[in-house]
Amino acid sequence: MITAGSVMFAVVLALTMESMNKGSHEQMISNTLRFGTGYLQIQDTAYYETPSLDFSFDLSGDLLQKLNSTLGNHAYAIPRIESFVLAAGELDTRGAIVTGIIPELEDRMNGFLKFVSQGNFTSLEEKGVFIGSGLAKRLTLNVKDTLVIIGQGFQGMQAAAKYPVLGFVSHPMEFIDNQMIYMHVKEAAWLFSLDQNRSHWLIMAENDKKAKEVKREFEKHLVGTGLTILHWEELQPDLVKALAFDSASGWVMQIILYVVIAFGIFGTILTMTLERQKEFAILVSLGMKRHILALQCFVETIMISFLGVFIGLGIGFPILLYFYFNPIPLRGGLSDLVKEYGMEPFLPFSMSPSIFLMQGIIMLILSLIITAYPVWRSFTFQILKNLRR
Amino acid sequence: MPIIQTKKLYKIYNEDTIPVYALKDLNLDFEVGEFTTIVGPSGSGKTTLLNMIGGLDVPTRGSVLVDGTDISTLKKNQVINFRLHHIGFVFQSYNLIPVLTALENVSLIMELQNREKKEIRERAIHVLEEVGLADKLNSRPSELSGGQQQRVAVARALASRPKYVLADEPTANLDSKSAMNLLDIMARLNKDESMTFIFSTHDQRVIERARRVVTLVDGALYEDLKKEG
Ligand SMILES: Nc1ncnc2c1ncn2[C@@H]1O[C@H](COP(=O)(O)OP(=O)(O)OP(=O)(O)O)[C@@H](O)[C@H]1O
Ligand SMILES: [Mg+2]
């Protein structure tokens with residue numbers, strides 16, 4: 001019973017750890033996808049190295065049709081214009097990023113409306129901008145004030161205009177809050193003299209698998225066009241590396257946890273086996289064969305472990321479910337740190353079924369290994385010595 | 001032919017430091033149907049000899065033959081199987097399984113022999129009744145007195161009707177009435193079912209009822225007395 005309990009506890013602990021680890025990764029990826037790169041991007045082949053508007057392109061006609069048929073119902077494409085500019089209020093000037101968006105698509109992609117803290121987002125159809133609340137503070141701008149944008153348009157054209165501030169966007173990701181200027185993509189095209197050109201297209205898909213299929217399919221059509229389609233892992237190699245490193249250190253932690261757990265369980269099995277040595281000795285002295293005794297020990301330990309694993313998974317599931325829907329808020333320094341990395345200040349949990357499967361399997365393998373002890377013991381203990389105990 | 005023989009049997013503890021000769025050059029023959037007691041002062045080697053015959057212990061030198069076969073040449077499982085099917089063992093310290101009831105303890109050997117459930121239960125209850133524990137079927141060893149535990153141990157050994165019963169001081173903790181009662185049962189089984197009994201004792205009244213008395217002193221044979229009739 002103690003063994004089952006410790007297995008159970010171990011499973012819950014390992015589950016929680018893995019869920020948090022995986023949860024934060026999933027969130028990082030999801031944030032990056034939804035507020036940054038999208039699953040895929042169609043770009044000019046030179047754009048990745050030199051993200052200049054000079055490498056913008058016009059995706060229309062035949063190619064757009066092919067794209068749409070490739071995407072089907074499982075994915076959709078979003079044209080984007082992005083460029084660095086200088087943004088000025090009455091007193092101050094700051095570097096900022098103009099992002100040309102289509103409001104409905106933006107909301108579909110990342111629930112953008114939730115982050116609009118002032119103003120009516122649908123009014124973005126008109127001439128005007130929504131800006132990050134951090135940027136607004138720096139430029140001491142209020143709604144209805146005028147923002148001046150100075151930048152460089154297509155092929156060195158001057159890009160300068162005044163825009164009324166229609167509203168604010170408050171986002172926990174700092175680069176959005178402090179740098180972003182959102183306007184309609186058509187407005188951005190006008191501002192930067194791009195006409196039908198867009199700096200890149202994002203593609204959102206139901207999941208990563210679908211996205212990869214889209215990439216494989218659509219790649220064929222891009223041969224010879226000077227365009228390319230990139231997966232988010234290619235767009236964010238640093239993130240991929242960071243996640244891999246974090247996973248690795250997560251694994252080290254997990255292994256340490258498992259070693260501790262394994263010793264804990266081994267301890268209980270050890271005591272249990274030693275306590276029952278005399279009983280074993282009696283059984284063998286009365287005529288029970290050692291391999292039958294061993295089999296009995298094996299079955300017993302495995303049953304106990306199974307029990308522990310299943311109860312552990314059973315208990316772990318609602319706990320994780322709770323934290324999945326009510327993530328633990330971070331406070332103080334940690335919260336700032338997390339925000340700096342562009343994440344929301346919550347400790348996210350993952351509910352990926354693979355976690356439950358993996359932890360369950362690992363624990364069962366561990367208990368299988370541990371079972372070796374009582375089995376070995378059944379074959380080797382000395383009868384008389386243990387009868388005398 | 002003797003059913004059990006010991007040949008130049010030695011058991012020496014701590015041979016390389018201060019040797020203790022638990023058994024010294026024992027040459028004994030036991031025939032089918034014997035009713036033999038092994039006596040001798042404490043530490044004279046009675047328990048060691050019984051363990052040796054039962055295959056629970058291995059000789060330092062010499063051999064134990066059962067049906068002419070040296071048991072040291074048998075595989076471990078064969079020895080265990082032999083114990084299971086032919087030997088009833090009563091330990092000096094009872095060795096009941098604490099988590100099992102009296103009934104379960106007595107049934108254990110028959111269960112290991114894969115006998116039929118109903119038969120096991122009937123037989124176990126019958127033997128427990130014979131040793132006077134009809135009302136203790138479902139008690140665990142911890143709920144029984146020393147004497148009662150001893151009787152459960154005897155019942156366990158007899159229940160499967162083994163050919164040989166090796167009993168280490170089976171009456172040590174019994175009052176004289178229970179002791180004589182137990183000896184009556186043993187004598188009857190010996191006569192009716194020609195079970196062979198080899199048991200150690202300190203008890204003079206028990207010695208009187210044995211037909212052969214083997215006396216050990218310091219592990220060596222001191223006297224081997226066979227009574228006629
Ligand atoms: N494991 C052991 N290690 C060392 N010496 C042992 C061991 N077992 C028994 N002996 C010694 O062997 C001798 C015989 O012991 P044994 O138990 O056979 O005596 P016994 O005749 O059964 O005594 P008792 O009447 O007290 O039960 C004793 O001197 C004992 O100390
Ligand atoms: Mg003894």
Note to self: Is Phe91(B) close to chain A through its backbone or its side chain, or both, or neither, when contacts mean heavy atoms under 4.5 Å?
What the structure shows: side chain
Item checked: Min side-chain heavy-atom separation Lys289(A)-Leu112(B) under 4.5 Å -> no
Check: More than 12 heavy atoms of other residues, nucleotides or ligands under 6.0 Å from CG of Asp218(B): is that the case?
Finding: no
Next item on the list: Kindly give the heavy-atom pair with the smallest separation between Arg83(B) and Val284(A), and that separation in Å.
Entry: NH2-O, 3.0 Å
Note to self: Heavy-atom cut-off 4.5 Å, strictly under: side chain, backbone, both or neither for Leu96(B) against chain A?
What the structure shows: backbone
Next item on the list: Supply the atom-to-atom distance Leu387(A) CG to Gln92(B) CD, rounded to the nearest 0.5 angstrom.
Entry: 12.0 Å
Check: By number, which residues in residues 313-324 of chain A have some heavy atom less than 4.5 Å away from chain B?
Finding: none
Next item on the list: Mark yes when over 12 heavy atoms from residues, nucleotides or ligands other than Ile18(B) sit less than 6.0 Å from its CD1; otherwise mark no.
Entry: no
Next item on the list: Below 4.5 Å from any heavy atom of chain B, which atoms of Ile383(A) appear? Answer side chain, backbone, both or neither.
Entry: side chain
Next item on the list: Can you tell which part of Asn51(B) gets under 4.5 Å to a heavy atom of chain A, answering side chain, backbone, both or neither?
Entry: side chain
Check: Any chance OH of Tyr373(A) has more than 12 other-residue heavy atoms, nucleotides or ligands included, within less than 6.0 Å?
Finding: yes
Note to self: Within this structure, what is the CD1-CG distance for the pair Ile109(B) and Leu283(A), rounded to the nearest 0.5 Å?
What the structure shows: 10.0 Å
Check: Between Leu56(B) and chain A, which part of the residue has a heavy atom less than 4.5 Å away: side chain, backbone, both or neither?
Finding: both
Note to self: Let me confirm one number: the OG-CD1 distance from Ser285(A) to Ile87(B), rounded to the nearest 0.5 Å.
What the structure shows: 11.0 Å
Check: To the nearest 0.5 Å, how far apart are CD1 in Ile282(A) and CG in Leu100(B)?
Finding: 9.5 Å
Next item on the list: Step through the shown structure and confirm whether more than 12 heavy atoms of other residues, nucleotides or ligands are within 6.0 Å of CZ on Phe9(A).
Entry: no
Check: Which pair of heavy atoms, one from Arg290(A) and one from Asn77(B), lies closest together, and at what distance?
Finding: N-OD1, 4.4 Å
Item checked: For chain A, the option from Leu108(B), Leu84(B), Asn95(B), Val99(B) that forms the most heavy-atom pairs under 4.5 Å -> Asn95(B)
